[in-house]
There are 2 protein chains.
Amino acid sequence: MSDAHRAARREQIAEAALQVLARKGSDTSIAEIVAECGLSAGAIYGNFENKADLARYIAGQLLHRRIGTLDDAVADGAVRTPAEVLRLFMTLRRQPPDLSVLLQFWGEATVDPELKAVLETRATEFRDAVVRALRPWAATQPEDTEPLALRTAEVCMAMVQGYFVNTALFGWMTGAEYLDGAERAFGSPLH
Amino acid sequence: MSDAHRAARREQIAEAALQVLARKGSDTSIAEIVAECGLSAGAIYGNFENKADLARYIAGQLLHRRIGTLDDAVADGAVRTPAEVLRLFMTLRRQPPDLSVLLQFWGEATVDPELKAVLETRATEFRDAVVRALRPWAATQPEDTEPLALRTAEVCMAMVQGYFVNTALFGWMTGAEYLDGAERAFGSPLH
DNA sequence: ACCTGAACACCGTTCAAGT
DNA sequence: ACCTGAACACCGTTCAAGT
């Protein structure tokens with residue numbers, strides 16, 4: 001019971017903190033998280049080491065959930081081209097607050113090695129899920145399957161990260177327009 | 001003299017703040033900026049409205065300088081494919097602190113509309129510089145030159161932003177590997 | 001055992017006093 | 001006119017006191 005209670009408390013605090021982070025970013029105060037979750041300052045420090053530890057927990061949870069969603073979507077093992085996997089990746093239902101805090105975590109991770117380590121772990125898991133999604137396609141190509149799937153997965157990750165920046169900040173293109181534009185830019189050069 | 005003095009003071013403060021931001025991120029305190037620039041707290045508030053205004057100034061300056069560098073690099077008007085423009089873009093000399101604070105600004109901009117407006121302005125200027133770089137190539141293609149150059153420039157911007165995230169946080173690929181991978185993923189599908 | 005909330009050192013910002 | 005730095009309200013964090 002105690003373990004379950006503790007896990008529930010952490011989740012209650014993390015959920016409240018996520019809401020405030022999405023509104024206030026790095027201006028988020030413990031007092032506001034306290035107000036949002038209905039507990040006290042002491043309760044937060046009984047469940048997390050400090051504010052940075054709470055942020056790491058939120059980042060880990062946020063990204064962990066997405067990996068399962070992607071894995072489920074490609075569980076059928078169908079042959080999907082990189083463009084099809086990217087299309088799938090970009091349309092995974094994603095609440096707007098998530099994108100905002102994801103960009104906040106990226107920025108903070110450049111100066112916080114412990115947060116960076118959390119993001120690296122999750123990004124690697126994510127990339128491996130993309131490798132699994134791309135493997136059927138890579139097997140149909142003349143190159144060695146594994147290196148091609150890995151490199152292509154890394155390219156897809158980078159392209160999605162760029163798409164997130166664009167979506168959250170500039171709103172220039174839809175996912176479909178991005179993919180069409182990339183195919184046009186990198187597709188057959190003699191077109 | 002007064003205007004020049006004021007501009008120099010702002011630059012002195014901004015340069016010091018940039019150094020501290022690259023080390024401490026959102027933990028950066030006014031006290032640390034004061035120590036770095038050798039002035040006083042009051043001097044900062046005489047030259048900037050507040051901490052957020054100082055951040056906006058730094059973001060604007062940082063990105064403004066880059067646009068000139070890109071424009072200079074493509075001033076010859078040579079025909080460059082999207083891959084060649086991207087290669088150029090990714091190899092513009094860029095001090096490591098710049099990439100860290102750029103990611104920090106992206107994260108903060110998701111919750112700070114005024115900072116977001118500064119980034120949008122600079123991103124549009126940047127995109128227009130990429131349009132100029134791509135126009136000679138776009139003119140050799142069968143589609144309408146302007147829409148193709150614009151959309152391709154947006155795609156290039158997004159891909160570079162994704163490359164920055166990867167470089168700053170994960171270090172998976174060099175720029176050349178990213179481009180090769182993208183050409184392999186989106187190039188002739190029947191290869 | 002866990003939670004509360006007053007207490008503490010430090011934060012961003014202001015402004016009277018200096019030059 | 002511009003700069004200084006003590007002062008103020010508020011921040012993250014702790015911990016004695018409660019249940």
Quiz item: Pairs in or reaching into residues 68-100 of chain B: which pass ring-ring contact (aromatic ring centres under 6.0 Å, His included), with residues at least two apart or in two chains?
Solution: Phe89(B)-Phe126(B)

Exercise. With Gln12(B) as reference, evaluate Arg9(B), Arg10(B), Glu15(B) under the side-chain hydrogen bond (donor to acceptor under 3.5 Å, both in side chains) test and give the passing residue.
Key: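 Per the side-chain hydrogen bond (donor to acceptor under 3.5 Å, both in side chains) rule, the option paired with Gln12(B) is Arg9(B), out of Arg9(B), Arg10(B), Glu15(B).
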
Self-check item: Closest approach of Ala83(B) to Leu179(B) (non-hydrogen atoms, all atoms of both residues)
Solution: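 The answer is O-CD1, 3.6 Å.
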
Exercise. Please work out the stems of DNA chain C from pairs that are Watson-Crick or G-U wobble with both distances under 3.5 Å, keeping only runs of three or more consecutive pairs.
Key: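 When the pairs of DNA chain C are grouped into runs of at least three, the stems are C:4-8 with D:12-16, C:12-16 with D:4-8.
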
Quiz item: Under a single-linkage rule joining Ile, Leu, Val, Met, Phe, Trp and Tyr whose side-chain heavy atoms are separated by less than 4.5 Å, which residues share a cluster with Val131(A)?
Solution: Leu150(A)

Exercise. Could you identify which residues cluster with Val111(A), counting Ile, Leu, Val, Met, Phe, Trp and Tyr as linked when any side-chain heavy atoms lie under 4.5 Å apart, either directly or through a chain of such contacts?
Key: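 Val111(A) clusters with nothing; isolated.
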
Practice problem: For Gln104(A) and Ser26(A), test the side chains for any donor-to-acceptor distance below 3.5 angstrom and give the result as yes or no. | Solution: no

Identify all pairs in which a protein N or O lies below 3.5 Å from an N or O of nucleotides 11-15 of chain D, and state each distance.
{"from": "dG12(D)", "atom 1": "OP1", "to": "Thr28(A)", "atom 2": "O", "distance (Å)": "3.2"}
{"from": "dG12(D)", "atom 1": "OP1", "to": "Ile30(A)", "atom 2": "N", "distance (Å)": "3.3"}
{"from": "dG12(D)", "atom 1": "OP1", "to": "Lys51(A)", "atom 2": "NZ", "distance (Å)": "2.7"}
{"from": "dG12(D)", "atom 1": "OP2", "to": "Ile30(A)", "atom 2": "N", "distance (Å)": "2.7"}
{"from": "dT13(D)", "atom 1": "OP2", "to": "Tyr45(A)", "atom 2": "OH", "distance (Å)": "2.3"}
{"from": "dT13(D)", "atom 1": "OP2", "to": "Lys51(A)", "atom 2": "N", "distance (Å)": "3.1"}
{"from": "dT13(D)", "atom 1": "O5'", "to": "Tyr45(A)", "atom 2": "OH", "distance (Å)": "3.1"}

Self-check item: Pairs involving residues 21-44 of chain A, ordered by first then second residue, that meet salt bridge (charged side-chain N to carboxylate O under 4.0 Å, His left out) (sequence neighbours left out)
Solution: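 For residues 21-44 of chain A: Arg23(A)-Glu36(A), Lys24(A)-Glu32(A).
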
Quiz prompt | Results of salt bridge (charged side-chain N to carboxylate O under 4.0 Å, His left out) for Glu11(A) - residues two or more places apart only | solution = Arg65(A)

Practice problem: Sequence neighbours left out, what passes salt bridge (charged side-chain N to carboxylate O under 4.0 Å, His left out) with Arg56(A)? Give chain and number order. | Solution: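 Once residues adjacent in sequence are excluded, the partners of Arg56(A) under the salt bridge (charged side-chain N to carboxylate O under 4.0 Å, His left out) criterion are Asp53(A), Glu114(A).
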
Practice problem: Name the nucleic acid region contacted by Ile44(B), choosing base, sugar-phosphate or nothing; use a 4.0 angstrom heavy-atom cut-off, strictly under. | Solution: nothing

Self-check item: Asp144(A), CG atom: more than 12 neighbouring heavy atoms under 6.0 Å
Solution: no

Quiz item: Between CG of Leu119(B) and CZ of Phe170(A), what distance do you get to the nearest 0.5 Å?
Solution: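 If I round to the nearest 0.5 Å, the distance is 5.5 Å.
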
Self-check item: Partners meeting ring pair (Phe, Tyr, Trp, His ring centres under 6.0 Å) with Tyr45(B) (sequence neighbours left out)
Solution: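 None.
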
Self-check item: Side-chain N or O of Asn47(B) closer than 4.0 Å to phosphate OP1/OP2 of dC2(D)
Solution: no

Result block: side-chain N/O donor-acceptor pairs under 3.5 angstrom for residues 157-169 of chain B, not counting sequence neighbours:
{"from": "Gln161(B)", "atom 1": "OE1", "to": "Asn166(A)", "atom 2": "ND2", "distance (Å)": "2.5"}
{"from": "Tyr163(B)", "atom 1": "OH", "to": "Gly175(B)", "atom 2": "N", "distance (Å)": "3.2"}
{"from": "Asn166(B)", "atom 1": "ND2", "to": "Gln161(A)", "atom 2": "OE1", "distance (Å)": "2.5"}
{"from": "Thr167(B)", "atom 1": "OG1", "to": "Tyr163(B)", "atom 2": "O", "distance (Å)": "2.8"}

Review item, nucleotides 17-19 of chain D N/O atoms under 3.5 Å of protein N/O:
none

Quiz item: For DNA chain C, which residues in residues 9-24 of chain B have a heavy atom at a distance below 4.0 Å?
Solution: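 DNA chain C contact set from residues 9-24 of chain B: none.
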
